Amino acid sequence: MTAFKSDFLKVLQERGFIHQISDPDSLDALAARRELTAYIGFDCTAPSLHVGSMVQIMCLYWLQQTGNKPIALMGGGTTRVGDPSGKDETRKILSIEDIERNKDGIKQVFSQFLKFGDGKSDAVMPDNAEWLTKLNWIEMLRDIGRHFSVNRMLAMDSVKLRLERDQEMSFIEFNYMILQAYDFVVLNQRYDCRLQMGGSDQWGNIVNGIDLGRRMGAPQLHALTTPLITTSSGEKMGKTASGAVWLNADMKSPYEYWQFWRNTDDADVARFLKLFTTLPLDEIARLATLQGAEINEAKKALADSATTLLHGVDAARTAAETARQTFEEGTVAENLPSVEIPRAELDAGIGVLAGFVRAGLVASNGEARRQIRGGGLRVNDVAVTDEKMLLTPADLTPEGVIKLSLGKKRHILLKPA
């Protein structure tokens with residue numbers, strides 16, 4: 001293990017964020033002097049980032065906490081092209097209006113983790129559309145494109161793997177790596193940015209930026225990638241049976257976010273405490289020793305800390321109390337996620353299959369039937385046995401809601417409106 005001098009790389013190493021670094025000694029010296037400006041790019045492909053982006057966000061968080069300057073680059077320009085990395089098919093081309101709407105949604109998250117402003121270590125959030133959309137095609141080919149070897153581009157994993165599987169790659173996607181490399185050069189020119197960080201699948205793209213910078217007269221640039229985070233069962237981080245775990249509260253409530261972390265597998269708790277919370281390492285070490293039923297204390301600490309970081313301490317406390325009432329007292333907590341249904345529909349009777357689909361607990365009537373056969377669906381904590389059952393006003397609890405449950409951990413309230 002490398003003995004880093006800078007607080008930044010020490011923290012990243014101790015907490016498990018480092019996969020590869022291009023020149024560790026040089027980067028360490030920059031960070032030790034608190035003169036390091038680094039960026040991570042976030043394309044605007046959805047109206048929110050999901051929990052799979054949390055590793056990158058935490059890298060920027062620790063960069064600032066150790067006295068260095070973070071850049072959260074919005075990919076308003078590169079989103080118009082589409083990153084082919086890890087994809088078997090061309091990404092959907094979004095309209096400029098959709099991209100701007102998504103960008104606004106993504107921006108909401110960063111204010112929880114970074115301090116923005118004009119100070120030396122204050123974060124900034126430029127948009128690469130500012131310079132990419134102004135590129136003249138001929139000038140781009142002459143001034144930037146001439147530094148790229150098609151042979152090397154074809155050898156990049158993002159291209160090679162697609163071609164090996166006989167999956168078509170559009171010319172627009174083939175250009176993505178050039179634009180990403182150019183971003184690095186522009187950010188160096190504007191902010192003296194010396195480091196690009198990203199997931200391990202971005203290594204080749206980042207190294208392209210380092211090489212382009214060298215050819216265009218930039219000072220030494222650096223790459224740092226994080227490992228691909230998977231759960232102990234081998235699943236990609238941030239994907240669940242019900243879909244992505246979004247970071248924006250209007251797409252995934254603080255309670256659902258808290259519950260996601262509370263349901264972490266035992267084998268992942270210690271690792272996730274290091275990556276996704278700011279708890280001191282000695283406290284994480286103590287929590288990691290807990291066994292049996294006591295490991296739930298560690299899971300609650302993970303859920304509390306992760307939710308506090310994203311949604312604030314009040315939302316985390318409310319989520320924890322909602323869970324306590326639901327799981328320990330067996331009551332219907334008013335802060336459980338809810339879905340409104342027209343009163344007239346309820347008066348007429350809603351099929352139980354449709355009700356669970358409306359609540360988002362299952363994807364289809366067929367899935368609801370399979371869950372019923374396995375005893376997985378409950379209405380007001382009573383197992384559903386009849387797939388033709390109707391939900392009516394008679395099912396409303398004293399709190400005026402119908403509690404739908406999938407298994408023991410997922411609950412949604414149907415509220416008549």
Side-chain angles (χ1 to χ4, degrees), residues 17 38-64 70-83 85-87 91-92 94 97-116 123-129 176 180 183 196-202 205-206 224-231 235-240 242-261 264 272 275-278 302-303 305-312 315-316 319:
F17 285 96
Y39 93 96
I40 299 176
F42 298 89
D43 277 350
C44 310
T45 53
S48 169
L49 298 175
H50 61 68
V51 80
S53 298
M54 277 302 305
V55 169
Q56 310 307 326
I57 293 171
M58 291 305 294
C59 283
L60 293 176
Y61 170 85
W62 288 117
L63 180 77
Q64 188 169 55
I71 299 175
L73 177 66
M74 293 293 99
T78 41
T79 307
R80 303 184 195 189
V81 173
D83 183 0
S85 300
K87 296 292 178 183
R91 291 179 188 267
K92 179 186 173 186
L94 299 177
E97 292 76 21
D98 284 341
I99 291 171
E100 288 300 310
R101 196 177 305 114
N102 290 345
K103 186 173 74 173
D104 289 341
I106 289 170
K107 281 181 175 180
Q108 297 173 24
V109 170
F110 288 94
S111 60
Q112 301 295 321
F113 294 89
L114 302 175
K115 176 181 177 290
F116 288 85
V124 293
M125 185 182 282
D127 182 345
N128 61 19
Y176 186 93
Q180 183 174 335
D183 282 344
Q196 183 184 355
M197 298 183 285
S200 56
D201 63 335
Q202 292 295 316
N205 288 338
I206 299 174
L224 186 155
T225 58
T226 57
L228 174 66
I229 305 300
T230 57
T231 64
E235 294 176 355
K236 196 172 181 180
M237 186 69 189
K239 301 293 184 183
T240 68
S242 60
V245 180
W246 300 107
L247 300 184
N248 287 21
D250 59 344
M251 295 180 68
K252 181 68 73 172
S253 72
Y255 169 77
E256 291 173 292
Y257 191 74
W258 189 94
Q259 196 63 38
F260 167 77
W261 293 109
T264 296
F272 286 3
L275 290 169
F276 303 114
T277 81
T278 59
L302 170 61
S305 185
T307 306
T308 297
L309 269 175
L310 179 61
H311 295 297

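No experiment lies behind these values; they were computed from the predicted model shown.
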Next on the checklist: List the residues meeting ring pair (Phe, Tyr, Trp, His ring centres under 6.0 Å) with Phe42, not counting sequence neighbours, and say none if there are none.
Outcome noted: Phe110
Checklist entry - Listed by chain and number, what are the ring pair (Phe, Tyr, Trp, His ring centres under 6.0 Å) partners of Phe272, not counting sequence neighbours? => result Phe276
Could you state the interatomic distance from [atom1] ([X]) to [atom2] ([Y]), rounded to the nearest 0.5 Å?
X: Met125; Y: Ile71; atom1: CE; atom2: CD1; value: 11.5 Å
X: Leu275; Y: Met54; atom1: CG; atom2: CE; value: 10.0 Å
X: Thr45; Y: Ile106; atom1: OG1; atom2: CD1; value: 6.5 Å
X: Asn205; Y: Thr225; atom1: CG; atom2: OG1; value: 11.5 Å
X: Asp104; Y: Ile99; atom1: CG; atom2: CD1; value: 12.0 Å

Just jot down the side-chain contact (heavy atoms from CB on, under 4.5 Å) partners of [X], sequence neighbours excluded, or say none.
X: Ser111; value: none
X: Leu309; value: Met58, Phe113, Thr278
X: Ala123; value: Gln64, Pro70, Leu114, Phe116
X: Pro47; value: Asn102, Met251

Item to check | Backbone N/O of Asp183 and side chain of Asn128: donor-acceptor pair under 3.5 Å | outcome: no
Checklist entry - Does Thr79 reach the main-chain N or O of Cys44 with its side chain, forming a donor-acceptor pair under 3.5 Å? => result yes
Write down the atom of [X], the atom of [Y], and the distance for their closest heavy-atom approach.
X: Thr308; Y: Ala316; value: OG1-CB, 3.2 Å
X: Ala38; Y: Leu63; value: CB-CD2, 3.7 Å
X: Trp258; Y: Ala319; value: CB-CB, 3.6 Å
X: Asp127; Y: Glu100; value: OD2-OE2, 4.3 Å
X: Trp246; Y: Lys252; value: O-CB, 3.3 Å
X: Thr277; Y: Leu302; value: CG2-CD1, 3.7 Å

Next on the checklist: Could you work out, with salt bridge (Lys or Arg N to Asp or Glu O under 4.0 Å) as the rule, every residue matching Lys107, not counting sequence neighbours?
Outcome noted: none
Answer whether the closest heavy-atom distance between the side chains of [X] and [Y] falls below 4.5 Å.
X: Leu60; Y: Met197; result: yes
X: Ile229; Y: Pro227; result: yes
X: Ile57; Y: Gln112; result: no
X: Leu224; Y: Phe17; result: no
X: Asp201; Y: Leu228; result: no

The criterion is side-chain hydrogen bond (donor to acceptor under 3.5 Å, both in side chains); which residues satisfy it with [X], sequence neighbours excluded?
X: Thr226; result: Gln56
X: Asp98; result: Ser95, Arg101
X: Thr231; result: Ser233
X: Ser48; result: Asn248

Checklist entry - Between Gln202 and Gln196, do the side chains contain an N or O donor and an N or O acceptor separated by less than 3.5 Å? => result no
